[in-house]
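One structure coming up, written as C-alpha cells, with questions to follow.
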4 protein chains.
Amino acid sequence: MLKPITKKMDLLETSLSLFVDQGIQKTSMAQISKKSGVAVGTIYHHFKSKEELIEGVYLYILDDLGKHIAFKEDEIVLDFKERFSLLWMKGFNYYIKYPNRFRFHDTYSYSPLIPNSLREYARAFYQTAFDFVEEGISKKILIDTHPVLIMRWLYNSLATIIQIKLDNEFGVTDKMVSTTLEMTWQSLTYKTEE
Amino acid sequence: MLKPITKKMDLLETSLSLFVDQGIQKTSMAQISKKSGVAVGTIYHHFKSKEELIEGVYLYILDDLGKHIAFKEDEIVLDFKERFSLLWMKGFNYYIKYPNRFRFHDTYSYSPLIPNSLREYARAFYQTAFDFVEEGISKKILIDTHPVLIMRWLYNSLATIIQIKLDNEFGVTDKMVSTTLEMTWQSLTYKTEE
Amino acid sequence: MLKPITKKMDLLETSLSLFVDQGIQKTSMAQISKKSGVAVGTIYHHFKSKEELIEGVYLYILDDLGKHIAFKEDEIVLDFKERFSLLWMKGFNYYIKYPNRFRFHDTYSYSPLIPNSLREYARAFYQTAFDFVEEGISKKILIDTHPVLIMRWLYNSLATIIQIKLDNEFGVTDKMVSTTLEMTWQSLTYKTEE
Amino acid sequence: MLKPITKKMDLLETSLSLFVDQGIQKTSMAQISKKSGVAVGTIYHHFKSKEELIEGVYLYILDDLGKHIAFKEDEIVLDFKERFSLLWMKGFNYYIKYPNRFRFHDTYSYSPLIPNSLREYARAFYQTAFDFVEEGISKKILIDTHPVLIMRWLYNSLATIIQIKLDNEFGVTDKMVSTTLEMTWQSLTYKTEE
DNA sequence: TATGAATGAGGATTCATTCAT
DNA sequence: GATGAATGAATCCTCATTCAT
C-alpha cells in the first residue's frame with residue numbers, strides 16, 4: 001500500500017536531483033527513468049507529462065518545507081523575537097539539510113518553467129508566515145512597510161547565507177549564520193536610540 | 001566598421017529578451033534568427049555555439065553593469081555612507097532601466113547553464129565593489145563579517161525590491177525603495193551591544 | 001522474438017544499399033528511415049549513431065562472409081590446392097551473390113570512415129584464412145614470403161575479377177574466372193630457378 | 001605569372017591531404033581555406049564548385065602519374081620483360097613517393113564521388129599501358145586473356161604491396177617488393193615447362 | 001583577383017509521449 | 001499497473017555557395 005507512494009517519491013527525488021545538477025530541460029524523461037529504475041511508461045502513470053512532474057517537484061518541496069517550519073503548539077507561546085529567530089533558523093536548517101531543494105527553489109521559483117498558477121498556490125501556502133509578519137508590523141516590532149517586502153527580504157536573507165554555504169567558497173561558521181540572522185532582525189526592526 | 005558590432009549587439013539583445021521571456025532552453029536558434037532578422041548561419045559566425053551565445057549575453061550584461069556603477073572622479077571624494085547609497089541606487093536604477101538584464105542575472109547566475117568559469121570571471125569583475133566593502137569593514141563602518149557575505153547581501157537587498165517592482169504586484173513607491181536601502185544600511189552597520 | 005533482429009537486418013540491408021549507391025556521407029538518416037520504413041528515432045534505438053550504423057554494416061558483412069567461406073568438415077580433408085581453389089571460389093561466389101557487400105568492402109575497408117579498431121577486429125576474424133596460408137607456406141607449397149602479403153594478394157586477386165564483372169564492361173566468362181584463379185595460384189607457387 | 005598556378009597547386013595538395021585524412025565529404029571548403037591560407041572566395045575563383053575541386057585532384061594525380069611512368073626514349077628499346085619491370089617499379093616508386101596520391105586513388109577511384117565521365121577519361125589516359133599490355137599478348141609473352149583483366153591485375157598487384165607498406169604493419173623489405181613483382185610476372189606469363 | 005561575412009537548406013541527433021504487450 | 005520499443009517533430013549545427021567590397 002505504501003509502494004506507489006514510495007515510487008512517486010523516488011521519482012520526485014530523482015528528478016529533483018537531476019534538475020538541479022543539469023537543468024530541467026537538459027534532463028530527459030529517459031534519464032529520470034534510468035536513474036530511478038522506473039520505466040518511462042511508468043513515469044507517465046504517475047505524472048501525465050513532464051510539466052506535471054516539474055510541478056510535482058515544486059509542490060513536493062513547498063509542502064514539505066511548510067511542515068518543517070510550522071510552529072508547534074509549545075512554540076506559539078514564545079515572544080515575537082524568539083519566534084522570529086526560530087522561523088528563520090527552521091528555514092535555514094531545512095534548506096541546509098536538503099540542499100537540492102534550496103537550489104531548486106532558488107533557480108526555478110521565478111523561471112518561466114514554473115507556471116504562475118503555481119506561484120499563486122505558493123503564496124497561499126506562505127499564509128502562516130505572512131500572518132506572522134503582519135503580527136510583527138501591527139505590534140510595531142517590525143518596521144511599517146509592505147509585508148511582501150518583508151517576506152521577500154526574509155527569504156533573500158536566508159538565501160544569502162545558504163548560497164554561500166553551498167558554494168562552499170570557504171567555511172561558513174555558526175557565527176556567520178547568527179550574524180546573518182542578526183542582520184535580518186536589525187534591518188527589520190526600529191532602532192530605539194540614535 | 002561599426003556594423004558587425006551592431007549586429008552582434010542586436011543578437012545579444014534579441015537573445016536576452018527571448019531567454020528571459022521563455023527560458024534559455026525553450027528559445028531555439030531559429031527563433032533568435034527570425035526575431036533578429038539574422039540568418040541562423042550568421043549567428044554561428046558570431047557565436048560558435050548556443051552556449052557561447054548564452055555566455056555572451058551574460059558577459060555583455062556584466063560588462064555594461066560595471067560601466068554604469070563605477071564611481072566617477074567627483075564621487076570618489078564622497079564619504080562612505082554617501083558612496084554606499086550611491087552604489088546601491090546605481091545598481092537599482094540600472095536594473096530598473098534594463099529589467100531583462102536583471103531577470104537574466106537573477107534567473108541564470110546560479111543555473112547550470114552558466115559555466116563556473118564565467119562565474120570566476122564575474123568575481124574578478126566585482127573587484128571594485130569588493131574593495132569598497134573591505135574599505136567599509138576596515139574603517140569599522142560596516143560590521144566585521146566576511147566580505148563575501150556582505151557582497152551577496154547587497155545584491156540580494158537590491159534583488160528584493162527589484163523583484164517586487166518587476167512582478168508589479170502593487171505599486172512600489174520611492175518610499176519603499178529608500179526604506180529598502182535604509183534596511184540594507186541598518187543591517188550592515190548595527191552596533192553590537194557592549 | 002525474431003522481430004527485432006529482422007528490423008535490425010532490414011536497417012543494415014537498406015543502409016548497405018544506399019551507402020553503396022550514393023556514398024556513405026551522402027546518405028542521410030532520413031533517407032534510410034524512408035526507404036526502410038523505420039522511423040528515424042527507431043534507427044537510433046538500434047544504433048546509437050550513424051557511425052555505429054556504418055560499423056554495424058561492416059561487421060554484418062564480415063560476419064556473414066566468414067560463415068560462407070569456412071570449410072565444412074568434409075572439405076578439411078581435401079588437399080591443399082583443392083582447398084585453395086575452394087576458398088577462392090567461395091569468396092568469389094559470395095561477393096558475386098552479394099555485389100553490394102563487395103562494393104562496400106572494396107570502397108570502405110580502407111576509408112577513414114571505418115575506424116581502425118574495426119580493422120583490428122577484421123584481422124582477428126580472418127584468422128582461419130591466415131592459418132590456411134601459413135599451412136601452405138610451411139608445407140613449401142606457397143612461396144616463402146610474408147603471410148600478410150599473401151592474404152592481401154588473395155583478396156586483391158578476387159577483387160580484380162569481381163570489379164570487372166560488376167563494372168559490366170564486357171561479359172566475364174567462366175573461363176576468365178578460372179584464368180584468374182589460375183593466375184593467383186601460379187603467382188603464389190612459382191618455383192624460383194635454382 | 002607562376003603565382004596562380006602555384007596557388008592552384010597548393011589548393012590541390014591541401015585538398016588531397018585533407019581528403020585522404022578525413023574523407024572527402026568531411027572536408028569542408030572552410031577547412032581547405034584555413035589550411036591552405038587561401039580565402040574561401042578565392043577557392044571558387046579557381047574551382048567552380050567543390051565537385052570540380054575533387055575532379056581537379058583526381059586529374060592532377062592522374063596526369064602527374066602519367067608523366068612519371070611514361071617510357072623515355074632510351075627505355076623503349078628495352079626488351080619486354082625489362083619494360084614490364086620498369087613500368088611496375090615506376091608505378092611503385094611513384095605511389096611510395098606520394099602516399100596520399102595512392103590513398104586517394106585507392107579509396108576514391110571507384111567511389112560514387114568520382115563521376116563516370118572522369119573514369120572514361122582515365123581509361124583513355126591509360127592507353128599507353130594498354131598498348132603495352134596488348135603488345136605482350138600479341139607477342140605471346142603475356143597470357144591470352146582480356147587486356148582489361150591484365151590492367152587491373154597490374155594495378156592491384158601494385159596496390160597490394162603499397163597498402164602493406166603504408167599500413168606500416170611491419171617493415172616491407174626490398175626483397176618483398178621484388179617478390180611481388182615476380183609474383184605479378186609469373187602470374188601473367190606462360191609456364192614453359194610443367 | 002582576393003576576401004570572408006552572410007545565407008538557409010539540409011543533416012545528425014534528441015526527446016516527450018504513446019501504446020501494444 | 002508496468003514496460004520499453006517506436007514515433008517524428010523539433011533542435012543544434014554545418015557547409016557549399018554567393019556577393020559586396
Side-chain angles (χ1 to χ4, degrees), chain A residues 3-4 7-8 24-34 36-54, chain B residues 1 3-4 7-8 11 24-34 36-54, chain C residues 1 3-4 7-8 11 24-34 36-54, chain D residues 3-4 7-8 24-34 36-54:
Chain A
K3 270 273 181 62
K7 186 162 273 184
K8 202 164 178 175
I24 289 184
Q25 309 231 28
K26 272 197 179 157
T27 302
S28 67
M29 297 302 270
Q31 246 182 318
I32 296 170
S33 156
K34 198 174 172 186
S36 65
V38 176
V40 183
T42 310
I43 300 180
Y44 279 85
H45 278 289
H46 293 283
F47 302 93
K48 272 205 316 224
S49 65
K50 188 181 182 184
E51 201 179 320
E52 206 168 82
L53 174 57
I54 298 167
Chain B
M1 185 153 261
K3 272 269 181 64
K7 186 160 271 182
K8 206 164 178 176
L11 282 171
I24 288 183
Q25 313 229 34
K26 274 202 176 153
T27 303
S28 69
M29 297 303 268
Q31 248 181 316
I32 296 172
S33 158
K34 197 173 172 184
S36 65
V38 175
V40 182
T42 308
I43 301 180
Y44 281 87
H45 263 278
H46 293 283
F47 304 93
K48 277 208 301 235
S49 63
K50 187 180 182 183
E51 200 177 320
E52 206 170 83
L53 174 58
I54 298 168
Chain C
M1 185 155 263
K3 272 271 182 62
K7 186 161 270 183
K8 207 167 178 175
L11 282 172
I24 288 183
Q25 312 229 32
K26 275 203 175 151
T27 302
S28 70
M29 296 303 267
Q31 249 182 316
I32 296 172
S33 157
K34 198 173 175 186
S36 65
V38 175
V40 183
T42 309
I43 301 181
Y44 281 87
H45 262 279
H46 294 282
F47 303 93
K48 277 207 302 234
S49 63
K50 187 180 182 184
E51 200 178 321
E52 207 169 82
L53 174 57
I54 297 168
Chain D
K3 272 271 181 62
K7 187 163 271 183
K8 202 164 181 177
I24 288 183
Q25 310 231 28
K26 271 198 180 158
T27 302
S28 67
M29 297 303 268
Q31 247 182 316
I32 296 171
S33 156
K34 199 174 173 186
S36 64
V38 176
V40 183
T42 310
I43 301 181
Y44 279 85
H45 279 289
H46 293 283
F47 302 94
K48 273 205 316 223
S49 66
K50 188 181 183 185
E51 201 179 320
E52 206 168 82
L53 173 58
I54 298 168

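Quick caveat, the model's predicted, so the values are computed rather than measured.
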CD-CD1 distance between D:E52 and D:I43, expressed to the nearest 0.5 angstrom: 13.0 Å

Separation of F:dC13 C1' from B:I32 CD1 (nearest whole Å): 13 Å

Sugar-phosphate, base or nothing in reach of A:S33, heavy atoms under 4.0 Å: nothing

Candidate nucleotides E:dT3, F:dC13, F:dG8, ranked by approach to the side chain of B:K50 - the nearest: F:dC13

Exercise: identify the closest heavy-atom pair between A:A30 and A:V40: CA-CG2, 4.4 Å

Nearest listed nucleotide, side chain of D:M29, among E:dG11, F:dT3, F:dT17: F:dT17

Side-chain-base donor-acceptor pair under 3.5 Å for C:H45 and F:dA6: yes

Candidate nucleotides F:dC13, E:dT3, E:dA12, ranked by approach to the side chain of B:Y44 - the nearest: F:dC13

Distance below 4.0 Å between C:K26 side-chain N/O and E:dG11 OP1 or OP2: no

Side-chain donor or acceptor of C:K50 paired with backbone N/O of C:T27 under 3.5 Å: yes

Whole angstrom value for the distance that separates P of E:dT13 from CD of A:Q25: 22 Å

Base paired to E:dC15 (Watson-Crick or G-U; both N/O distances under 3.5 angstrom): F:dG8

C:A30 vs B:V38, nearer the 5' end of DNA chain E by closest nucleotide: B:V38

Distance (rounded to the nearest 0.5 Å) between A:S49 OG and A:M29 CE: 7.5 Å

Given DNA chain F, 5'-ward residue of the pair C:I43 and B:T27, judged by closest heavy atom: C:I43

First encountered from the 5' end of DNA chain F, between C:G37 and B:E51: C:G37

Options F:dC13, F:dG4, F:dT3, nucleotide nearest the side-chain atoms of B:V40: F:dC13

Phosphate-side-chain proximity, A:K48 and E:dA16, N/O vs OP1/OP2 below 4.0 Å: no

Value in whole Å for how far the C1' atom of F:dC12 lies from NZ of B:K34: 18 Å

Short side-chain N/O contact to F:dA2 OP1/OP2 from A:K7, under 4.0 Å: yes

D:I24 CD1 to C:K26 NZ distance, which is reported to the nearest 0.5 Å: 9.5 Å

Gap separating the NZ atom of B:K8 from the CG atom of B:L53, nearest 0.5 angstrom: 10.0 Å

Separation of F:dA16 P from D:E52 CD (nearest whole Å): 15 Å

Any C:T42 side-chain N or O less than 4.0 Å from OP1/OP2 of F:dT7: yes

Value in whole Å for how far the P atom of F:dA6 lies from NZ of C:K8: 11 Å

E:dA20 - base-pair partner by Watson-Crick or wobble geometry, distances under 3.5 Å: F:dT3

B:H46 side-chain N/O to E:dA6 phosphate OP1/OP2 under 4.0 Å: yes

B:I24 CD1 - F:dC12 P separation (whole Å): 12 Å

d(CD, D:Q31; C1', F:dA16) in whole Å: 13 Å

